[in-house]
Amino acid sequence: MKRILIIEDEKNITRFLELELMYEGYEVETADNGRTGLAKALDTEWDCILLDLMLPELNGVEVCRRIRSVKTTPIIMITARDSVMDKVSGLDSGADDYIAKPFAIEELLARLRALLRRTQPNSQTTNEEMVTYRNLTLEVQARQVKKDGEIIELTKREYELLYVLMINKNIVMSRETLLNKVWGYESEVETNVVDVYIRYLRHKLDSNEAESFIQTVRGTGYVMRS
């Protein structure tokens, strides 16, 4: 049975989610503030955490960062705030998905199922142990990226975006396709979230390079060309 932790301070929402998830066959536990939620998240193994952004004592972004520093537990951020930068902040802190209130429970359940499928062992691997492009090396099992032998520190999301682009070398990837492959849902989230993460990658990878590793195809998306 899959185990879900809900960290949410609005009691009516918590109870609603708890009942719906239990009906779907999940084992559920709850926390109504950031500190308690963080303690439960770190003390127990969960299949997924539903995490509100606005929490008493410790906000959701900080809770997410602290969880992500020691665990890879899948996290869906739930919040009433729906601006692009709020989404970027939540995702960049380590969340795997993001849904804004009010939402249909069917959508949340679908996102949860998709996330659990993606995070099963070996769901995001390739037959190759190493993927190379120019002077970049991506070590699949270690989830590590090196440039000229030096490790490049990437967030989980940056790594996954780079991985998708590298294993699809010479194939132009649309923003919608990248959203689906990396974030795991269609383009309900604005596609400029992809643009933000492409900028992050270029900033980390392109220093002293004559040509960017990631090329923009105007009106379409991005590609890494050999």
Side-chain angles (χ1 to χ4, degrees), residues 1-121 143 153-160 182-185 188-189 193 196-197 200:
M1 181 181 292
K2 299 292 185 183
R3 305 184 71 243
I4 310 296
L5 173 63
I6 302 170
I7 309 176
E8 166 67 67
D9 64 322
E10 294 187 42
K11 292 182 179 180
N12 58 332
I13 293 178
T14 299
R15 185 57 179 160
F16 171 68
L17 291 175
E18 184 179 20
L19 291 172
E20 291 288 342
L21 290 168
M22 290 172 64
Y23 180 77
E24 294 293 323
Y26 297 102
E27 182 180 337
V28 182
E29 192 166 328
T30 67
D32 62 4
N33 67 73
R35 292 196 183 280
T36 301
L38 177 62
K40 288 187 176 184
L42 297 181
D43 289 345
T44 306
E45 293 303 316
W46 305 96
D47 292 291
C48 188
I49 297 171
L50 305 182
L51 175 63
D52 189 32
L53 179 62
M54 304 299 292
L55 290 167
E57 299 191 27
L58 203 63
N59 69 55
V61 168
E62 185 59 28
V63 171
C64 189
R65 285 196 183 111
R66 295 191 190 187
I67 294 170
R68 194 56 75 227
S69 68
V70 293
K71 286 190 171 186
T72 58
T73 309
I75 298 171
I76 299 178
M77 194 79 82
I78 301 175
T79 180
R81 301 168 66 177
D82 195 29
S83 75
V84 171
M85 290 316 297
D86 286 330
K87 293 176 182 179
V88 170
S89 177
L91 294 169
D92 204 28
S93 68
D96 296 277
D97 201 349
Y98 189 113
I99 189 167
K101 303 172 187 175
F103 54 83
I105 188 62
E106 292 82 5
E107 180 185 4
L108 177 61
L109 292 171
R111 287 175 183 248
L112 176 58
R113 290 191 296 269
L115 181 55
L116 292 174
R117 285 196 302 270
R118 296 203 317 278
T119 53
Q120 293 302 309
R143 294 180 66 87
E153 297 293 342
L154 300 180
T155 66
K156 178 177 180 289
R157 193 71 62 188
E158 291 165 353
Y159 169 87
E160 291 173 351
V182 178
W183 281 266
Y185 46 87
E188 295 170 35
V189 171
V193 169
V196 171
Y197 276 83
Y200 290 165

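Because the structure is a prediction, the values reported are computed rather than measured. Only this structure's heavy atoms are used, side chains among them; waters, hydrogens and symmetry mates stay out.
At distances below 3.5 Å, at least one donor-acceptor pair connects side-chain atoms of Arg157 with backbone N or O atoms of Asp96. One N or O on the side chain of Glu158 and one on the backbone of Thr155 form a donor-acceptor pair closer than 3.5 Å. Put simply, the side chain of Glu10 never gets that close to the backbone of Asn12: no donor and acceptor are under 3.5 Å apart. No side-chain donor-acceptor contact under 3.5 Å links Lys156 to the backbone of Arg68.
Across every non-hydrogen atom of Gly94 and Cys64, the tightest pair is C-SG, 3.6 Å. The minimum heavy-atom distance linking Leu5 with Gly37 is given by the pair CD2-O, 3.8 Å. Across all their heavy atoms, Val63 and Leu38 have their closest contact at O-CD1, 3.9 Å. Counting all heavy atoms, side chain and backbone alike, Leu51 lies closest to Gly60 at CD2-O, 3.3 Å. Between Leu116 and Cys48 the shortest heavy-atom distance is CD2-CB, 4.2 Å.
The closest side-chain heavy-atom distance from Asp52 to Ile6 is not below 4.5 Å. Tyr98 places a side-chain heavy atom less than 4.5 Å from the side chain of Thr79. Using a 4.5 Å heavy-atom threshold, the side chains of Lys101 and Ile13 count as touching. Using a 4.5 Å cut-off on side-chain heavy atoms (C-beta onward), Leu17 and Leu108 make contact.
Rounded to the nearest 0.5 angstrom, Leu50 CG and Ile78 CD1 are separated by 4.5 Å. For the atom pair CD1 (Ile7) and CE (Met77), the distance works out to 10.0 Å, reported to the nearest 0.5 Å. A distance of 5.0 Å separates CD1 of Ile99 from CZ of Arg111, quoted to the nearest 0.5 Å. The structure places CD of Glu160 at 10.5 Å from OH of Tyr197, a figure rounded to the nearest 0.5 Å. Note that the CG atom of Leu42 and the CD1 atom of Ile67 stand 6.0 Å from one another [nearest 0.5 Å]. Here the CG-CZ distance, from Leu109 to Phe103, works out to 9.0 Å after rounding to the nearest 0.5 Å.
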Name the atoms and distances for all side-chain donor-acceptor pairs under 3.5 Å in residues 18-32, with sequence neighbours left out.
{"residue": "Glu18", "atom": "OE1", "partner": "Arg15", "partner atom": "NH1", "Å": "3.1"}
{"residue": "Glu27", "atom": "OE2", "partner": "Arg3", "partner atom": "NE", "Å": "3.3"}
{"residue": "Glu29", "atom": "OE2", "partner": "Lys40", "partner atom": "NZ", "Å": "3.3"}

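For Arg35, the side-chain contact (heavy atoms from CB on, under 4.5 Å) criterion is met by Asn33, Glu57, Leu58, Arg66, not counting sequence neighbours. Considering only residues two or more places apart in sequence or on other chains, Glu106 meets the salt bridge (Lys or Arg N to Asp or Glu O under 4.0 Å) condition with none of them.
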